[in-house]
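In what follows, chains are A, B, ... by sequence order, proteins preceding strands, each numbered from 1.
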There are 2 protein chains.
Amino acid sequence: MPQRGRPRGFDADAALERAVEVFWRQGYEGASVSDLTAAMGINKPSLYAAYGGKEELFRKVVARYAEQDMGYARNAFAQPTAYQVVATLLRDNVLAVTRPDRPAGCLSIQGGTACSTQNAPVAGFLAASRLAGERALADRFASAVAEGDLPADADPAALARFVMIVTEGQSVHAAAGVTREALQQAAEIALAGFAAASGARLPEHATDTA
Amino acid sequence: MPQRGRPRGFDADAALERAVEVFWRQGYEGASVSDLTAAMGINKPSLYAAYGGKEELFRKVVARYAEQDMGYARNAFAQPTAYQVVATLLRDNVLAVTRPDRPAGCLSIQGGTACSTQNAPVAGFLAASRLAGERALADRFASAVAEGDLPADADPAALARFVMIVTEGQSVHAAAGVTREALQQAAEIALAGFAAASGARLPEHATDTA
DNA sequence: AGAATTCTGTACCGATCGGTACTGATCTGA
DNA sequence: TCAGATCAGTACCGATCGGTACAGAATTCT
């Protein structure tokens with residue numbers, strides 16, 4: 001469909017990317033529309049015309065973030081064993097929440113865990129999306145149990161909850177300024193803990209077929 | 001010192017307690033002064049006269065919260081072994097962040113992990129206070145190493161970081177509406193993980209002196 | 001009784017909030 | 001060339017933000 005009327009004078013996708021950083025750094029309520037338009041290099045009416053409003057912009061921002069900055073999670077889910085899924089998830093999450101070219105922490109938490117009553121839907125939306133990820137991880141663990149990769153008495157939902165709790169804590173910690181190296185140490189402890197508590201088969205180097 | 005002038009018409013401590021709940025539920029920026037005065041049952045000038053302003057009120061709220069709602073942490077630190085310290089801390093933190101008579105989560109995180117630039121000091125203040133707790137826990141673990149309660153090669157700082165990460169994740173999870181029972185399951189996994197990863201001596205029932 | 005002091009409540013401050021009306025510029029299709 | 005459509009930018013909207021001036025009420029000390 002060819003365009004009709006005056007063409008847009010800015011790159012809507014690039015501007016959305018700028019908005020990601022603002023919401024990430026300042027949270028939903030802490031980011032004013034003026035902050036956003038300044039960072040995006042556009043005027044307010046352009047923001048409303050292109051994205052619909054502050055809340056709609058935020059939801060588009062979260063969607064973009066999930067695509068651009070959460071790819072490591074999809075990669076982790078595709079690992080062949082539950083142990084490797086968790087190892088990849090925890091280690092790559094540390095990298096993701098401590099990227100030097102990005103705000104510290106993750107948008108899902110920095111965006112806002114608590115809001116004014118009128119913005120409560122925003123916090124709820126973020127929380128729901130995190131829990132959806134947890135459900136997906138629990139499903140992955142259930143498959144691992146079915147495959148014999150995890151013991152039959154393992155609790156997929158509880159294990160997924162533990163792992164997601166750790167990733168959330170990693171994000172909060174990173175936002176507090178804790179270094180990547182420090183978080184990596186803690187991630188290895190969490191990973192060892194997962195292995196011990198779940199009874200997951202480890203990727204040992206010479207015990208299986210020898 | 002006897003009072004001079006008209007006596008205060010409200011209980012400053014009870015009003016502070018109301019403010020705790022508002023900040024806890026809505027975060028620092030999500031709680032307006034009007035929200036606060038409405039919940040506290042006072043007028044705006046009374047708030048400013050009694051507490052100094054919104055930010056000063058928030059700091060007083062955090063101090064009160066630390067005293068009233070974080071007592072479980074002090075109790076946990078006093079446990080005789082590192083394992084029991086962590087067990088108490090993780091289990092009681094689950095109870096604390098899922099109290100039915102309180103907002104979900106903890107004030108330290110719900111108060112705000114991200115803020116507008118002008119309120120950045122508030123988020124920094126909260127983060128610093130969490131990290132201070134982590135340092136205290138690391139000191140406790142260092143003592144455990146010195147006592148032989150933890151192995152000599154245990155890393156107190158890394159272990160403390162792991163435990164605090166879990167408590168922070170528990171808070172985020174609770175704020176998302178996850179039930180106490182679900183968090184308790186995850187806490188036991190974290191505890192087992194801590195034991196395995198740290199090499200802590202467990203409180204076994206018949207292996208020590210038998 | 002009266003001065004000094006401290007609190008309460010109303011009414012208000014400038015600034016900023018999210019959001020929009022409107023004019024003029026820029027494009028396509030006829 | 002001009003109508004129709006879409007965008008950019010200014011200027012503005014009512015509401016709310018955090019914070020305060022000011023007048024009157026309540027108390028203590030002299």
Could you say whether I42(B) or G52(A) is positioned toward the 5' end of DNA chain C, judged by the nucleotide with the nearest heavy atom to each?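 Its nearest nucleotide lies further toward 5', so the answer is I42(B).
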Hey, does A31(A) reach any base, or is it just sugar-phosphate, or nothing, if we go heavy atoms under 4.0 Å? sugar-phosphate
Between [atom2] on [N] and [atom1] on [X], what's the gap in Å once rounded to a whole number?
| X | N | atom1 | atom2 | result |
| --- | --- | --- | --- | --- |
| F10(B) | dA25(D) | CZ | P | 20 Å |
| Y51(A) | dT6(D) | OH | P | 18 Å |
| M40(A) | dG9(D) | CE | P | 14 Å |
| K44(A) | dA11(D) | NZ | P | 13 Å |
| Q118(A) | dT16(D) | CD | C1' | 9 Å |
| N43(B) | dG19(D) | CG | P | 16 Å |
| N119(B) | dC17(C) | CG | C1' | 14 Å |
| E55(B) | dC17(D) | CD | C1' | 15 Å |

Which nucleotide in [options] has an atom nearest any side-chain atom of [X]:
| X | options | result |
| --- | --- | --- |
| R6(B) | dG24(D), dA21(C), dA8(D) | dG24(D) |
| P45(A) | dT27(D), dA8(D), dA21(C) | dA21(C) |
| R4(B) | dG29(C), dT6(C), dG18(C) | dT6(C) |

Donor-acceptor under 3.5 Å (S198(B) side chain, F194(B) main chain): yes
Using only heavy-atom distances, decide whether a donor-acceptor pair under 3.5 angstrom links the side-chain of K54(A) to the base of dG18(C).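 Counting by modelled atom types and ignoring angles, no donor-acceptor contact under 3.5 Å is found here.
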Looking at [X], does any N or O in its side chain come under 4.0 Å of the phosphate oxygens OP1/OP2 on [N]?
| X | N | value |
| --- | --- | --- |
| Y48(A) | dG19(C) | yes |
| S34(B) | dC17(D) | yes |
| S32(A) | dC17(C) | yes |
| R8(A) | dC7(D) | yes |

Is it true that R161(B) and E181(A) make a salt bridge, defined as a side-chain N closer than 4.0 Å to a carboxylate O?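 Result for this pair is no, no salt bridge flagged.
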Ionic contact status for E55(A) with R59(A), cut-off 4.0 Å: yes
Y28(B) and F23(B) aromatic ring geometry - parallel, tilted or perpendicular at 30°/60° bounds: parallel
Any chance you could measure Y48(A), atom OH, to N43(A), atom CG, to the nearest 0.5 Å?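 Atom-to-atom, Y48(A):OH and N43(A):CG are 13.0 Å apart.
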